[in-house]
K.L.:
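Mind looking over this structure? Questions follow.
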Amino acid sequence: PSTHYGTFITMFKLITVFWAFILIAVLILVGRLIRQRIGLLRSLFIPSSIVAGVVALLLGPGVLGAIANSVTPGSPLATGVFAPEIRDVWSQSPSIFINIVFACLFLGEPIPGPGDIWRKAAPQVAFGQTLAWGQYVVGLLLSMLILTPVFGMSPIAGALIEITFEGGHGTAAGMAGTLQELGFPEGADLALGLATVGIVSGIVAGTWLINWGHRHHHIQVNQLETGTLDDELTLEDGHHHPLDSAETRAARVRLIQDLLIDPLSLNFAFVGLAIIIGWFILEGLKALEAATWGTTGLKLIPYVPLFPMAVIGGIVVQIVLVKLNRTYLISRPLIARIGGVALDVPIVTALATISLAAIGANFGPFVLLAIAGILWNVLVFVFLGPRLLPSYWFERGVGDMGQSMGVTSTGLLLIRMVDPQNRSGALESFAYKQLFFEPIVGGGLFTAAAPALITQFGPFPVFLLTSALLVFWLVFGFVNFKRMRQADVPSQLS
């Protein structure tokens with residue numbers, strides 16, 4: 001099988017893919033063992049998957065391989081413990097498995113109406129858009145004042161914070177050809193390096209902020225009163241949602257007795273169906289673009305990732321099952337297990353394939369962009385989160401902050417760390433937000449168009465445009481926050 005990734009096509013043998021994921025399983029076991037033996041990791045709420053990813057990184061070419069090659073040039077360990085073919089599989093895994101995570105979000109869950117979706121998503125949309133457009137404002141300001149006049153860099157560098165911190169490695173790799181065509185070839189290396197820093201800093205900053213939130217009582221979910229993830233498996237043999245009706249439970253029991261396949265396989269089939277529906281939606285948008293504005297040569301939809309469409313696919317599957325009165329076919333606890341495994345894979349593989357060598361080139365501009373991006377994300381979370389998110393601001397905001405610093409997996413990880421039982425509803429709000437977020441920024445339409453817009457019109461007009469959009473979302477967020485708080489007062493009094 002061949003996998004298209006950016007402008008490159010990598011061929012894999014099935015046995016290579018098989019062993020790549022067997023090694024991930026072994027790494028997770030090693031990470032679990034290390035986490036249990038080191039109290040600091042437990043006190044910092046570091047998941048075993050992160051420990052596993054760090055172990056893989058240390059055993060890779062960037063650390064062990066570099067040490068071995070410096071001691072004995074040409075050493076068999078110069079590429080690390082893992083074969084390059086294994087690392088090639090890992091490097092493409094995060095952008096693939098994240099689709100499974102998002103397809104699982106609403107399967108087996110009650111689907112609210114459009115009004116409820118917007119009510120839950122509106123504060124999250126305002127907060128996420130503020131983070132994204134601010135990255136353009138900060139980056140372009142830095143480019144116009146320092147990077148271009150002092151270091152002689154292309155003004156396109158002003159878009160790198162959003163491309164890499166909000167978009168991640170997948171977007172950075174996908175934009176490499178565009179950056180080269182626009183006369184900024186070094187931008188591709190800078191982008192991969194910044195995406196690497198984004199992942200690491202997102203996890204480190206997120207973990208530190210979670211501990212800070214615990215100490216200062218900003219986290220409203222009391223984890224001591226909630227069950228563990230393992231406790232969910234004991235709910236009616238792990239097949240029922242706590243809110244399932246007696247009729248649904250009885251129908252599911254009959255279904256399980258009559259099935260000639262494992263219930264986990266059946267539920268995975270619905271996850272696959274949700275992803276396929278999402279793929280058809282994305283392909284339809286591509287066809288629409290090709291028939292309309294795409295005829296002018298402007299192509300934007302290919303940069304839109306699949307996973308927000310997988311969310312829509314999951315919603316479509318759930319709505320159809322509700323209409324057909326067949327919701328008993330899906331077991332929410334089993335779907336959650338599928339999503340949990342799919343989330344561990346991107347975490348381990350993203351950390352394992354970080355390119356440490358990419359940081360070396362253009363170190364000065366690289367450091368400036370990285371520091372500016374990190375400071376913006378952290379400050380927005382700490383100071384604007386409580387003022388834009390009317391309830392559970394920490395639990396809901398930390399996911400967006402994590403996403404804005406590398407990959408969506410980081411955001412989901414931080415939500416999982418701070419609220420493993422999803423008592424705050426942060427996971428649903430985060431997912432709803434993607435429907436209004438990913439098509440535009442974070443690897444969406446504007447992310448794809450930004451370098452060309454900067455080249456054609458210059459950095460200052462794009463700076464004005466992004467500044468105006470930042471102000472718009474801030475004003476909307478403040479107004480919406482006030483309105484939702486006022487709406488909550490009568491309900492609390494009643």
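Sequence positions, counted from 1, serve as the residue numbers for this chain. Quick caveat, the model's predicted, so the values are computed rather than measured.
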K.L.:
Would you compute the distance between atom CG of Leu324 and atom CD1 of Ile319 and round it to the nearest 0.5 angstrom?
P.N.:
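Spacing of CG (Leu324) from CD1 (Ile319) equals 12.0 Å.
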K.L.:
So which heavy atom on Ser93 is nearest to which on Val345, and how close?
P.N.:
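Looks like CB-CG1, 4.2 Å.
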K.L.:
Taking all atoms of both residues into account, what is the closest heavy-atom pair of Phe481 and Pro390, and its distance?
P.N.:
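In this case the closest contact between Phe481 and Pro390 is CE1-CA, 3.4 Å.
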K.L.:
Taking the side chain as every heavy atom from C-beta outward, state whether Leu388 and Trp473 have any atom pair closer than 4.5 Å.
P.N.:
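Sidechains of Trp473 and Leu388: no contact.
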K.L.:
Can you confirm whether Arg337 sits close enough to Val341 that some side-chain heavy atom of one is under 4.5 Å from a side-chain heavy atom of the other?
P.N.:
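Heavy-atom side-chain distance check fails, nothing below 4.5 Å.
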K.L.:
List the steps and the verdict of side-chain contact (heavy atoms from CB on, under 4.5 Å) for Leu285 and Met309.
P.N.:
CA-CA 11 Å; Leu285 292 175; Met309 304 305 166; 3.7 Å; yes
K.L.:
Quick one: pull up CZ in Phe460 and CD1 in Ile454 and give me the separation to the nearest 0.5 Å.
P.N.:
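Here the rounded value is 13.5 Å.
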K.L.:
I want to check something: taking the side chain as every heavy atom from C-beta on, are Phe270 and Leu329 in contact at a cut-off of under 4.5 Å?
P.N.:
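A side-chain contact under 4.5 Å exists here.
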K.L.:
Run the side-chain contact (heavy atoms from CB on, under 4.5 Å) check on Gln135 and Asn377 step by step: do they pass?
P.N.:
CA-CA 8 Å; Gln135 288 180 1; Asn377 293 329; 3.0 Å; yes
K.L.:
Is a side-chain N or O of Arg87 found less than 3.5 angstrom from the main chain of Ala83, in a donor-acceptor match?
P.N.:
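Side chain of Arg87 to backbone of Ala83, a donor-acceptor pair under 3.5 Å: no, none is there.
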K.L.:
Check whether any side-chain heavy atom of Leu141 sits under 4.5 Å from a side-chain heavy atom of Phe463, and report yes or no.
P.N.:
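Side chain of Leu141 against side chain of Phe463, heavy atoms only: contact under 4.5 Å found.
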K.L.:
State, yes or no, whether a side-chain contact exists between Phe381 and Phe394 at a heavy-atom distance under 4.5 Å.
P.N.:
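Phe381 vs Phe394: side chains touch.
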K.L.:
Please examine the side chains of Phe165 and Ile374, heavy atoms only from C-beta on, and report whether any two atoms are closer than 4.5 Å.
P.N.:
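Yes; the side chains approach each other to less than 4.5 Å.
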K.L.:
Are Val125 and Phe476 close enough that some pair of their side-chain heavy atoms sits under 4.5 Å apart?
P.N.:
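Side chain of Val125 against side chain of Phe476, heavy atoms only: no contact under 4.5 Å found.
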K.L.:
Taking Asp344 for its side chain and Ser49 for its backbone only, find out whether a donor-acceptor pair lies under 3.5 Å.
P.N.:
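Not a single qualifying donor-acceptor pair exists.
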K.L.:
Which pair of heavy atoms, one from Thr466 and one from Leu140, lies closest together, and at what distance?
P.N.:
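Where Thr466 meets Leu140 most closely, the heavy atoms are OG1-CD1, 4.0 Å.
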K.L.:
Using 0.5 Å steps for rounding, measure from the CG atom of Asn267 to the CG atom of Leu334.
P.N.:
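Taking CG in Asn267 and CG in Leu334, the distance rounds to 5.0 Å.
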K.L.:
Spell out, as yes or no, whether a donor-acceptor pair under 3.5 Å connects the side chain of Ser143 to the backbone of Gly139.
P.N.:
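A pair under 3.5 Å: no.
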K.L.:
Taking side chain as C-beta onward, heavy atoms only, is Met484 less than 4.5 Å from Pro123?
P.N.:
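Met484 vs Pro123: side chains touch.
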K.L.:
For Lys286 and Glu289: C-alpha separation, side-chain torsions, deciding distance, then whether salt bridge (charged side-chain N to carboxylate O under 4.0 Å, His left out) applies.
P.N.:
CA-CA 5 Å; Lys286 291 179 181 178; Glu289 179 186 68; over 6 Å; no
K.L.:
Checking Asn325 side chain against Leu321 main chain: does a donor-acceptor pair fall under 3.5 Å?
P.N.:
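No.
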K.L.:
Treating Gln124 as the side-chain partner and Ser429 as the backbone partner, does any N or O pair qualify as donor plus acceptor under 3.5 Å?
P.N.:
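Not a single qualifying donor-acceptor pair exists.
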K.L.:
For Val398 and Val418, work out which heavy atoms get closest and say how close.
P.N.:
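In terms of heavy atoms, the two residues are closest at CG1-CG1, 4.0 Å.
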K.L.:
Within the side chain of Asp419, is there an N or O that forms a donor-acceptor pair under 3.5 Å with the backbone of Ser424?
P.N.:
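Checked: pair present.
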K.L.:
Anything under 3.5 Å between a donor and an acceptor, one on a side chain of residues 17-27, the other on a protein residue two or more places apart or in another chain? List them.
P.N.:
none

K.L.:
How far apart are the closest heavy atoms of Ile335 and Cys104, and which atoms are they?
P.N.:
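For Ile335 versus Cys104, the nearest heavy atoms are CG2-O, 3.4 Å.
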K.L.:
Taking all atoms of both residues into account, what is the closest heavy-atom pair of Ala157 and Leu147, and its distance?
P.N.:
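Here Ala157 and Leu147 meet closest at CB-CD1, 4.0 Å.
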K.L.:
Between Ser404 (side chain) and Met401 (backbone), is there a donor-acceptor pair under 3.5 Å?
P.N.:
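Looks like yes, one N/O pair under 3.5 Å.
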K.L.:
Any chance you could measure Arg423, atom CZ, to Tyr392, atom OH, to the nearest 0.5 Å?
P.N.:
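Result: 9.5 Å between the selected atoms.
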K.L.:
If you count every heavy atom of other residues, nucleotides or ligands that lies below 6.0 Å from Phe268 atom CZ, does the total exceed 12?
P.N.:
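For Phe268, atom CZ is not crowded (no more than 12 foreign heavy atoms under 6.0 Å).
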K.L.:
Could you tell me whether the side chain of Arg332 and the main chain of Leu107 form a donor-acceptor pair under 3.5 Å?
P.N.:
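Confirmed, Arg332 side chain pairs with Leu107 backbone.
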K.L.:
Look up atom CZ in Arg483 and atom CG in Asn480, then write down how far apart they are to the nearest 0.5 Å.
P.N.:
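So the CZ of Arg483 and the CG of Asn480 are separated by 4.5 Å.
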K.L.:
In terms of heavy-atom contacts, does CZ of Phe478 have more than 12 from other residues, nucleotides or ligands at under 6.0 Å?
P.N.:
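Correct, the count exceeds 12.
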K.L.:
Assess, by modelled atom type and distance only, whether the side chains of Glu162 and Thr447 contain a donor and an acceptor separated by less than 3.5 Å.
P.N.:
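Yes - a donor-acceptor pair under 3.5 Å links their side chains.
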K.L.:
Applying side-chain contact (heavy atoms from CB on, under 4.5 Å), run through Val348 and Ile28 and close with a yes or a no.
P.N.:
CA-CA 8 Å; Val348 175; Ile28 291 176; 4.0 Å; yes
K.L.:
Evaluate the criterion side-chain contact (heavy atoms from CB on, under 4.5 Å) for residue pair Phe430 and Gln403; output intermediate values, then yes/no.
P.N.:
CA-CA 10 Å; Phe430 183 83; Gln403 181 187 30; 3.7 Å; yes
K.L.:
Table please: side-chain donor-acceptor pairs of residues 126-134 below 3.5 Å, with sequence neighbours left out.
P.N.:
residue: Gln129; atom: OE1; partner: Trp133; partner atom: NE1; Å: 2.8
residue: Gln129; atom: NE2; partner: Phe436; partner atom: O; Å: 3.3
residue: Thr130; atom: OG1; partner: Ala126; partner atom: O; Å: 2.7

K.L.:
Could you grab the distance from atom CD1 of Ile338 to atom OG of Ser331, nearest 0.5 Å is fine?
P.N.:
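If we round to the nearest 0.5 Å, Ile338:CD1 and Ser331:OG are 9.0 Å apart.
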